[in-house]
There are 4 protein chains.
Amino acid sequence: LEFFLGRSIAIEGCVVATHLTANSYGKSRVRLTKVTRTGDRHDLMELSVDVALEGAFEDSYTAGDNTSVVATDSMKNTVYVLAKEHPIEAIESFAATMGEHYLKTYPHVSGATIDIAQAKWARIQAGGNPHTHPFGGGGDEKRTAQAVCTRSGTKITAGIEDLLVLKTTDSAFKGFVRDRYTTLKETDDRIFATSISATWTYAAGAKTDFNKTFDAVRAMILETFAANMSLAVQQTLYEMGEKILASVPSVEEVAIVMPNKHRLLVDLKAFGLENRNEIFVPTDEPYGMIRGVIRRK
Amino acid sequence: LEFFLGRSIAIEGCVVATHLTANSYGKSRVRLTKVTRTGDRHDLMELSVDVALEGAFEDSYTAGDNTSVVATDSMKNTVYVLAKEHPIEAIESFAATMGEHYLKTYPHVSGATIDIAQAKWARIQAGGNPHTHPFGGGGDEKRTAQAVCTRSGTKITAGIEDLLVLKTTDSAFKGFVRDRYTTLKETDDRIFATSISATWTYAAGAKTDFNKTFDAVRAMILETFAANMSLAVQQTLYEMGEKILASVPSVEEVAIVMPNKHRLLVDLKAFGLENRNEIFVPTDEPYGMIRGVIRRK
Amino acid sequence: LEFFLGRSIAIEGCVVATHLTANSYGKSRVRLTKVTRTGDRHDLMELSVDVALEGAFEDSYTAGDNTSVVATDSMKNTVYVLAKEHPIEAIESFAATMGEHYLKTYPHVSGATIDIAQAKWARIQAGGNPHTHPFGGGGDEKRTAQAVCTRSGTKITAGIEDLLVLKTTDSAFKGFVRDRYTTLKETDDRIFATSISATWTYAAGAKTDFNKTFDAVRAMILETFAANMSLAVQQTLYEMGEKILASVPSVEEVAIVMPNKHRLLVDLKAFGLENRNEIFVPTDEPYGMIRGVIRRK
Amino acid sequence: LEFFLGRSIAIEGCVVATHLTANSYGKSRVRLTKVTRTGDRHDLMELSVDVALEGAFEDSYTAGDNTSVVATDSMKNTVYVLAKEHPIEAIESFAATMGEHYLKTYPHVSGATIDIAQAKWARIQAGGNPHTHPFGGGGDEKRTAQAVCTRSGTKITAGIEDLLVLKTTDSAFKGFVRDRYTTLKETDDRIFATSISATWTYAAGAKTDFNKTFDAVRAMILETFAANMSLAVQQTLYEMGEKILASVPSVEEVAIVMPNKHRLLVDLKAFGLENRNEIFVPTDEPYGMIRGVIRRK
């Protein structure tokens with residue numbers, strides 16, 4: 001085994017023994033469109049899949065011996081084959097199916113992590129009715145799923161990425177530390193804009209309808225953002241997390257990341273004008289970055 | 001005047017007289033958030049403005065004399081000031097207001113071109129009712145306007161950018177040239193995905209409701225894409241253009257650009273599977289690029 | 001012919017006759033790596049090619065008749081085939097070869113525009129000597145070429161894109177218009193940072209060594225930026241243009257675009273510190289945008 | 001304390017107690033240009049700094065009480081102030097200085113993580129000699145540093161990001177698993193292109209010249225890539241890691257990530273041509289993704 005874990009090399013007169021403490025490899029950004037037809041009605045899924053395997057692959061690192069290596073090109077093929085052979089009801093279950101495939105097929109694989117991001121497409125409407133096969137794109141927002149599959153089981157995490165929201169009031173920020181480095185004014189009324197990314201981890205073996213839960217969590221996040229007065233980005237983040245945990249028993253942990261996409265009030269005094277929270281500059285950087293992980297007690 | 005248009009320099013023993021045949025300068029990506037309050041209801045506009053001036057600015061180029069130069073920093077300030085002083089009913093009229101401001105204010109300016117892109121925000125719904133002040137982002141799709149203002153008048157062009165659409169059927173491509181360089185198969189049924197950018201130019205002096213026209217044009221583009229069988233991207237593009245010209249008398253020209261965002265059928269034969277238009281690879285490049293300009297006869 | 005140029009459609013009771021006034025179509029972002037071997041020494045070119053054709057293609061727009069359509073997929077194939085069949089000595093000549101191929105092959109093509117962007121790769125050095133086959137990437141800077149080929153001849157334009165430079169002094173900006181909209185201070189010493197894009201058009205039939213000229217023009221642009229005091233971005237731009245025209249007789253026109261990538265001095269007074277042009281904030285937007293076209297008199 | 005860690009909310013008739021298990025917040029993308037003058041010679045550093053704090057901040061999450069919150073706007077100010085007050089000899093030491101500042105200044109901060117990315121600028125040459133103050137941009141390659149500062153000490157990790165390299169030969173890939181999912185051919189001679197990101201972690205308390213080590217590590221990575229035959233991306237990655245560990249005693253761990261930026265051989269048989277490793281298509285996705293962490297035994 002030692003042979004596979006490292007080797008000694010002599011450089012400048014001294015021998016150094018090294019070893020590989022962690023490794024993984026895989027294929028990223030395997031993109032996929034799946035069309036499912038039910039009579040005239042077509043369903044559309046567009047996914048980007050990342051596959052990463054862990055296992056007894058050290059010999060490819062330390063000896064250039066690829067005997068145990070599943071080519072990343074083959075991983076790409078496997079994504080297409082499994083997408084054809086399985087209905088994709090939800091990306092969460094498809095990620096698990098895919099990860100478990102690697103464990104079943106290759107005895108030397110100890111872990112497979114599958115990450116899927118699903119683009120948002122909505123049916124185009126005609127006179128209030130949805131068309132059967134034309135779709136409009138839904139922007140940067142993505143639905144995500146991760147399955148971490150090992151010999152002891154599969155862990156599923158669902159998520160939403162880049163859910164862009166802004167509210168023009170009901171956001172304050174005051175009472176913070178004031179010292180030498182502080183120039184920011186306290187405010188009772190500011191614009192709150194953020195691009196929410198949230199993930200929620202399902203308890204092992206939880207039975208759940210992934211699609212319904214996704215819709216419910218997305219609605220809770222939006223409604224918490226929209227309806228609650230925000231005293232800090234942190235507070236709004238925590239409220240989202242506890243609402244999700246309170247409503248979805250199968251979820252055991254929620255992690256949320258909320259960048260503060262600042263809108264800066266423009267000073268118009270030099271031009272003889274008063275700016276009563278009317279004109280702002282949206283900025284991309286720098287940005288505040290707020291993170292929190294919330295669990296049940 | 002000659003002095004301002006060029007000068008002679010001696011390099012390696014020879015004198016070369018050069019002149020400036022065209023120039024413009026300005027400020028790009030001036031971003032702006034405007035909040036307008038009507039009771040509890042807030043309206044939100046987020047714009048990115050580009051200003052470019054032409055005129056008697058040659059001396060800054062040829063002699064480093066900035067006497068006539070309106071600093072681009074001042075242009076940025078002007079965007080904020082005009083946004084505060086004027087209601088922004090539509091970006092088309094705001095672009096014209098802004099361009100005409102430069103002509104009025106600076107006698108040596110001969111032309112001002114203002115380009116505005118407006119981000120898409122939609123009110124977040126609560127129980128079927130729109131909230132008053134929280135908004136959700138609408139993706140990459142942008143509404144655009146351009147005003148080209150000169151001493152002889154203002155020309156207004158409206159537009160939509162990056163309207164992402166896909167249909168899973170009702171698209172064919174056959175009968176094209178077959179020669180040494182052709183490997184593409186003819187097809188009666190392919191995925192048609194594109195990101196539409198269209199602009200429409202208003203006749204000089206046309207009276208129009210820019211917002212209503214924008215909504216109508218957007219709907220016509222979507223419906224033409226969704227409802228009509230496509231025999232080629234070119235055909236669909238032309239149908240969009242003629243529909244707009246037929247419906248909006250104040251528009252005199254429509255220009256449309258449609259990249260063909262290919263979805264390639266995956267060959268699954270090597271894996272013993274038949275792929276009946278189910279599994280595709282979405283690709284970003286290379287892409288087909290179809291352009292057309294359509295006018296009334 | 002009329003049939004191909006437009007058609008009449010009846011919408012809401014009125015007949016509107018439209019016609020196609022301009023069109024082009026093609027394939028964009030055809031990427032290509034070419035390796036040329038001379039003994040142990042390998043040469044590497046990485047290109048991105050855009051092909052756009054004009055000609056008698058109206059029937060595909062107005063009637064969905066693709067008889068005259070060269071599929072954009074075939075254009076992609078043609079790029080690979082021509083890259084194999086021809087040595088690519090310079091992207092300028094390869095663009096011309098490619099454009100002229102379409103005119104020769106398809107009688108109904110009236111114009112072909114070929115745009116090529118070449119990525120920058122440099123040989124990795126070992127002990128001061130260049131390796132024969134390993135290369136390091138050169139960043140965003142691109143060499144570009146455009147050939148516009150019609151039945152009356154070929155026009156070649158070369159260029160450089162995104163040449164990022166910055167100097168920490170020898171740049172001033174003063175004497176500009178001061179009015180209600182001006183808050184910018186005059187300065188004798190500022191940072192000047194820009195990402196230069198320049199194109200130069202060769203006179204028809206000019207004999208030139210495109211590679212030598214490219215290297216010479218690039219060096220002139222850099223040296224003009226580095227060595228000359230700048231009184232305005234405009235002035236520096238013009239100096240670059242006249243230097244190129246003075247040195248390269250085969251070039252008839254130079255067009256330069258220089259965004260002003262502002263570095264803003266940070267006000268440290270609130271913290272009891274004086275900022276003597278030491279600490280700046282680099283910003284991406286808004287940015288000044290300076291353009292000029294320079295010809296011989 | 002409990003109060004700060006969570007709270008109970010009643011939703012739909014049930015009470016759920018939640019708590020915050022992890023949190024951090026900070027300011028990201030604080031960009032900074034520092035000019036240091038030594039006579040006529042100017043030195044230039046352009047950095048992007050991310051600050052993230054951990055500590056007793058739960059009350060801002062769970063109660064909207066910001067008493068302990070250091071505003072992210074103040075963090076931004078702190079970056080500028082510290083950059084002014086300290087010479088920045090290396091980003092590694094500046095990251096440590098900055099992180100330790102937060103621990104010293106705020107007793108309730110338990111940890112500060114500072115990430116810095118430094119853009120690459122090189123002096124423009126004139127006649128073989130470097131200019132004193134004009135610089136040219138160096139592309140996407142970044143030098144990085146991370147300081148993780150806690151009450152028990154500071155851990156420093158240095159790195160390089162997006163070092164783009166390609167070699168046209170001396171790369172093979174064969175002997176890998178062949179099964180139902182395999183279509184890739186074995187090869188003795190392929191293009192190997194990758195964008196290397198590597199980090200190396202210094203042993204606690206190690207005395208080192210960060211700048212010299214950075215230059216040495218960068219050279220070792222390039223030379224290993226260039227000079228060694230590659231039997232797999234994995235093997236090349238491991239060779240880089242062991243070379244660094246063998247040469248730099250103060251480094252205890254090396255982590256390397258190497259995406260395989262595939263160049264696909266174009267099949268030209270349909271056009272009657274043989275492609276002897278001459279014409280390839282560079283692709284962005286999907287891409288292989290190889291990761292390894294290497295330590296001394």
Side-chain angles (χ1 to χ4, degrees), chain B residues 6 9 11 16-31 52 60-62 64 66-67 69-74 76-78 81 174-177 181-184 231-232 234-235 237-238 241-243 245-247 260 285-297, chain C residues 6 9 11 16-31 52 60-62 64 66-67 69-74 76-78 81 174-177 181-184 231-232 234-235 237-238 241-243 245-247 260 285-297:
Chain B
I9 58 165
I11 290 193
V16 179
T18 58
H19 66 130
L20 192 66
T21 58
N23 73 84
S24 83
Y25 81 102
K27 199 74 157 192
S28 291
R29 296 278 302 162
V30 181
R31 290 174 64 187
S60 67
Y61 287 82
T62 59
N66 298 319
T67 309
V69 172
V70 179
T72 66
D73 188 76
S74 306
K76 179 196 69 182
N77 290 339
T78 304
V81 168
K174 53 187 180 175
F176 48 84
V177 173
Y181 305 99
T182 315
T183 53
L184 187 72
L231 299 176
Q234 285 88 330
Q235 188 210 20
L237 183 154
Y238 190 74
E242 64 180 353
K243 199 165 186 177
L245 287 170
S247 307
N260 195 348
E285 57 182 23
Y287 56 89
M289 189 60 172
I290 319 299
R291 297 180 185 91
V293 179
I294 303 138
R295 298 180 72 98
R296 280 192 198 78
K297 265 195 245 191
Chain C
I9 58 165
I11 290 193
V16 179
T18 58
H19 65 130
L20 191 66
T21 59
N23 72 84
S24 83
Y25 81 102
K27 198 76 157 191
S28 291
R29 297 277 302 160
V30 182
R31 292 173 64 188
S60 66
Y61 287 82
T62 59
N66 298 320
T67 309
V69 172
V70 179
T72 66
D73 188 76
S74 306
K76 179 197 70 182
N77 289 339
T78 305
V81 168
K174 53 187 180 175
F176 48 84
V177 173
Y181 305 99
T182 316
T183 52
L184 187 72
L231 300 176
Q234 284 88 331
Q235 189 210 18
L237 182 154
Y238 191 74
E242 64 180 353
K243 199 164 185 177
L245 288 170
S247 306
N260 195 348
E285 56 181 25
Y287 56 91
M289 189 61 172
I290 320 299
R291 297 180 184 89
V293 179
I294 304 138
R295 297 180 72 96
R296 280 191 198 78
K297 265 195 246 194

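Proteins get letters first, then strands, A, B, ... in listed order; numbering begins at 1 in each. Just so we're clear, the structure is a prediction, and the values are computed from it rather than from any experiment.
Chain B forms the most heavy-atom pairs under 4.5 Å with one residue out of C:Ala52, C:Gly288, C:Gly175, C:Ser24, and that residue is C:Ser24. Looking only at heavy-atom pairs under 4.5 Å with chain C, the residue among B:Ala22, B:Ser28, B:Gly64, B:Ala71 that has the most is B:Ser28. Heavy-atom pairs under 4.5 Å with chain C peak, among B:Ala232, B:Gly292, B:Ser60, at B:Ser60. Counting heavy-atom pairs closer than 4.5 Å to chain C, the top-ranked of the candidates B:Val69, B:Asn23, B:Thr72, B:Val70 is B:Val69.
For chain B, the nearby part of C:Val81 is the side chain; its heavy atoms alone come within less than 4.5 Å. The part of B:Leu237 that comes within reach of chain C is its side chain, from C-beta onward, which places non-hydrogen atoms under 4.5 angstrom from that chain. Heavy-atom distances place both the backbone and the side chain of B:Ser74 under 4.5 Å from chain C. Only the side chain of B:Arg31 has a heavy atom closer than 4.5 Å to any heavy atom of chain C.
Nearest heavy atom pair, residue C:Thr67 against residue B:Val177, reads O-CG2, 3.5 Å. Closest approach of C:Tyr61 to B:Arg291, counting heavy atoms only: OH-O, 2.6 Å.
A heavy-atom distance below 4.5 Å is found between the side chains of B:Thr18 and C:Tyr238.
Looking at B:Asn77 and C:Thr183, their side chains do bring a donor and an acceptor atom within 3.5 Å of each other.
For the atom pair B:Glu242 CD and C:Thr62 OG1, the distance stands at 8.5 Å (nearest 0.5 Å).
In this structure, the side chain of C:Asn260 does not engage the main chain of B:Lys27 through any donor-acceptor pair within 3.5 Å.
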